[in-house]
Enquirer: 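Structure provided below as structure tokens; questions to follow.
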Amino acid sequence: MSWLALTEYLANGFVMGMLYVLMALGLSLIFGMIGVINFCHGILFTLGAYATVSLKNSLGFGPALVISPMLVGALGMLIEVGFLRRLYRADPSAGLLLTFGLAMVLEQLVRIIWGTSGLPYNIPEALTGALPLGAFVYPKYRHFILLCAIAIIAGLWLFLEKTPYGMIIRAGSRDGEMVRILGINLRPIFTFVFGLGSALAAIAGVLMAPVAGVQPAMGTDVGTAAFVVVTIGGLGSFWGVVIAGLLVGEVVSLSILFWPPIAQASMYILMAVVLLTRPRGLLGERWEKFE
Amino acid sequence: MKGRAKEKRVSVSRRGFLKTVGVIGGAATLEGVRPWIGPAIVHAQEPIRIGQIVPQTGFLATMGMYGVTGAKIAAEEINEKGGVLGRKIQLIVEDEANPGVAAQKARKLIEKDKVVAITGTVSSASALVVGDEAQRAKTLFINTGANSDEIRGARCHRYVFNTEGSNTQYVSAVATWLLQQSDLKRWYFLTSDYAFGHDLLKVSQKLLQKAGREQVGSELVPTGSADFSSYLLKVKAAKPDLVFQNLAGTDQTNFLKQFKEFGLEMQVAGGLVDTALVWPVGVEALTGHFPLLWWHELKYPGVAEFVAKFKKLATDPPENQGWADYTTIKVLAEVIKKVNSTESKALVKGMEGHQFESLKGRTLFFREWDHQLIMPMYTVRTKKKGEPKDKWDIFEIIAEVPAQGQSAETIAIPRAESLCKMEPPD
């Protein structure tokens, strides 16, 4: 096994890891702020992919890439205002059941609107082919995914850390009541956060659309992986999720290289090991509301 | 902290999650109570109920929806003509989900719905357990979508019939092309990691030996994989002349798309292709030679009418799964009429050796000793950019296997090689 070949597997793991990070950050934000385990996350990923396929013909690849997550984000906000909001005072499992049901309804709607067999969608001409970096030759489109993901993760971090709105979200996740007492209305913030989380899932879907098949069930596996990543990373930890996402990507990719039979189970084995040694996840902190 | 409890919203803890699972489990159990509540009046002209177990979720779900439409059209055609034995056909569709659920659904269809027969299944793992259930309950089961030889081999049953082609039949079809390509010496197998894939790998390796080619690599891929990149790197490093893909469901789509993305240029062939899963690949990334069960542009009598009806219901034309479920319901109705009974025992006798025609331009029949439908298959090549006349026109048939005039039994497993030892007739 040459170093060059190993680099290729590491690169694959890194790119897939970045997509997991995008999904998991949305999931983690929503869970941290609203306390809802969002079972819709996988289907929001799918909707992002479908939106971009539908918009590509009229708008072109670039604009479709930007607008699709916004549309899905808006849908997320509608879900929060229309359904989820009513359940905040109810038993916590109500929110979970609602999103679980919504996921099925939305998946079936995708089938009704776009058909069951999936849609053809390919990498735009400008991004096909490979980009040689010395001896390391890797598809251009994977570089593109990587750059987009890094930009979004960096942007999100700056937003959460450096802006007053981000501060409110972080404080509100930690202790919502205290933030309310300080005179800040959290209602619109909840709506915004659910929208933001949805948009993040959609971005992952949009980026994955040309690579994986655009079909109604495309989000199922990635959605499950996102739950695993959040668990490994630790609730409420931005960098915990980022590290966990990349770790999962690498572990899956390297297990395919060295021991393929455990490829599918590898991320769950990793989760089990992490939970046994650090029950709150890699960088998870003690949050009173989740204890 | 207690004083704040009212303001503070409760959040989900691990215990809360477990409770939820309990609720879901309880709801599922209640399902079984329903027949006691429902009306128990039996009408003289009760419909003939037929169960259909198809995947509606997961990586095989696409196939399921085509199967449902195919069966529906068949039932409508039969009912428009007054049904069978003066009774209407009623289909009861259940989600196949996974082998465990499929077995439960089979029991439910037999015990609660009192179906005349069960049809369907796409996953070979499901078909095997549903077959066992059907045999135990002595209820007819017609497999419409599972390919493993094992279903008509080592685990064949008196009460199980197969409209879907077996892996041997499929591989025979692609073999006609592969055996001519003497320059494709080094093969690399990519195989779905479950019952179907394992079975198909065995059959395709047999072909490799027969053709005297070399295996340079073989990987089992977990089902429902979104990312094939790491497998494609392994393929690239092994430098094969041919990638032989034994993948199922959406894995076919993702594999072909990423094969193109990674710029691999060797030939592709496979032991299975599901048209509905290759449509979304897009003509730019299409490549390969495959065996096909049925194709909507066959020029045989009745095909155009069936395609038109199907398109009205589903917008897409029918493909292999649509054909298989359509054919199955039609044949079942024919046999019910022939034996003038809906008893499984009589139906099994009626099915064995039953001859019929179904949009394939020649007489087909269920072989008596392994209950496999004996029929021709088609070898296809994928079309290149600019060739298709519409988005469904992705294959060109390069051969009907075996050719018209030859016995279709030549591509099925010969009796001497089969492991099928069927229960004696009742």
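Within every chain, numbering begins at 1; the chains are lettered A, B, ... in the order of the sequence lines, protein sequences first and strands thereafter.
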Enquirer: Specify which of B:Phe228, B:Tyr66, B:Phe59 makes the most heavy-atom pairs with chain A at under 4.5 Å.
Expert: B:Tyr66
Enquirer: Could you check which of B:Ser229, B:Ala314, B:Ala237, B:Ala276 has the highest count of heavy-atom pairs closer than 4.5 Å to chain A?
Expert: B:Ser229
Enquirer: Tell me, side chain or backbone of A:Ile256 under 4.5 Å from chain B's heavy atoms, or both, or neither?
Expert: both
Enquirer: Measuring heavy-atom distances to chain B, does A:Met208 have an atom under 4.5 Å in its side chain, in its backbone, in both, or in neither?
Expert: side chain
Enquirer: Working to the nearest 0.5 Å, report the span between OG1 of B:Thr250 and CG of A:Asp221.
Expert: 8.0 Å
Enquirer: Identify which part of A:Thr128 has an atom lying under 4.5 Å from any heavy atom of chain B, answering side chain, backbone, both or neither.
Expert: neither
Enquirer: In terms of heavy-atom proximity below 4.5 Å to chain B, should A:Arg142 be classed as side chain, backbone, both, or neither?
Expert: both
Enquirer: Within the supplied structure, the quantity of interest is the number of heavy atoms (other residues, nucleotides, ligands) at a distance under 6.0 Å from B:Lys234 NZ; does it exceed 12?
Expert: yes
Enquirer: With a 4.5 angstrom heavy-atom cut-off, which part of A:Gln215 approaches chain B: side chain, backbone, both or neither?
Expert: side chain
Enquirer: With a 3.5 Å distance limit and no angle check, can you tell me whether B:Asn254 reaches the backbone of A:Gly213 through a side-chain donor-acceptor pair?
Expert: yes
Enquirer: Do A:Glu8 and B:Phe262 touch side chain to side chain, with heavy atoms closer than 4.5 Å?
Expert: no
Enquirer: Checking B:Gln258 side chain against A:Val211 main chain: does a donor-acceptor pair fall under 3.5 Å?
Expert: yes
Enquirer: Please flag which part of A:Pro210 lies under 4.5 Å from any non-hydrogen atom of chain B: side chain, backbone, both or neither.
Expert: backbone
Enquirer: Has the side chain of B:Lys257 got a donor or acceptor atom that lies under 3.5 Å from a matching backbone atom of A:Ala209?
Expert: yes
Enquirer: Would you check if A:Pro260 and B:Glu219 make a side-chain contact, meaning some heavy-atom pair closer than 4.5 Å?
Expert: yes
Enquirer: Out of curiosity, A:Ser117 OG to B:Glu319 CD, how far, rounded to the nearest 0.5 Å?
Expert: 8.5 Å
Enquirer: Roughly how far apart are A:Glu107 CD and B:Gln56 CD, rounded to 0.5 Å?
Expert: 11.0 Å
Enquirer: Roughly how far, to the nearest 0.5 Å, is the CG atom of A:Asn12 from the CG atom of B:Asp227?
Expert: 6.0 Å
Enquirer: Is B:Thr62 close to chain A through its backbone or its side chain, or both, or neither, when contacts mean heavy atoms under 4.5 Å?
Expert: both
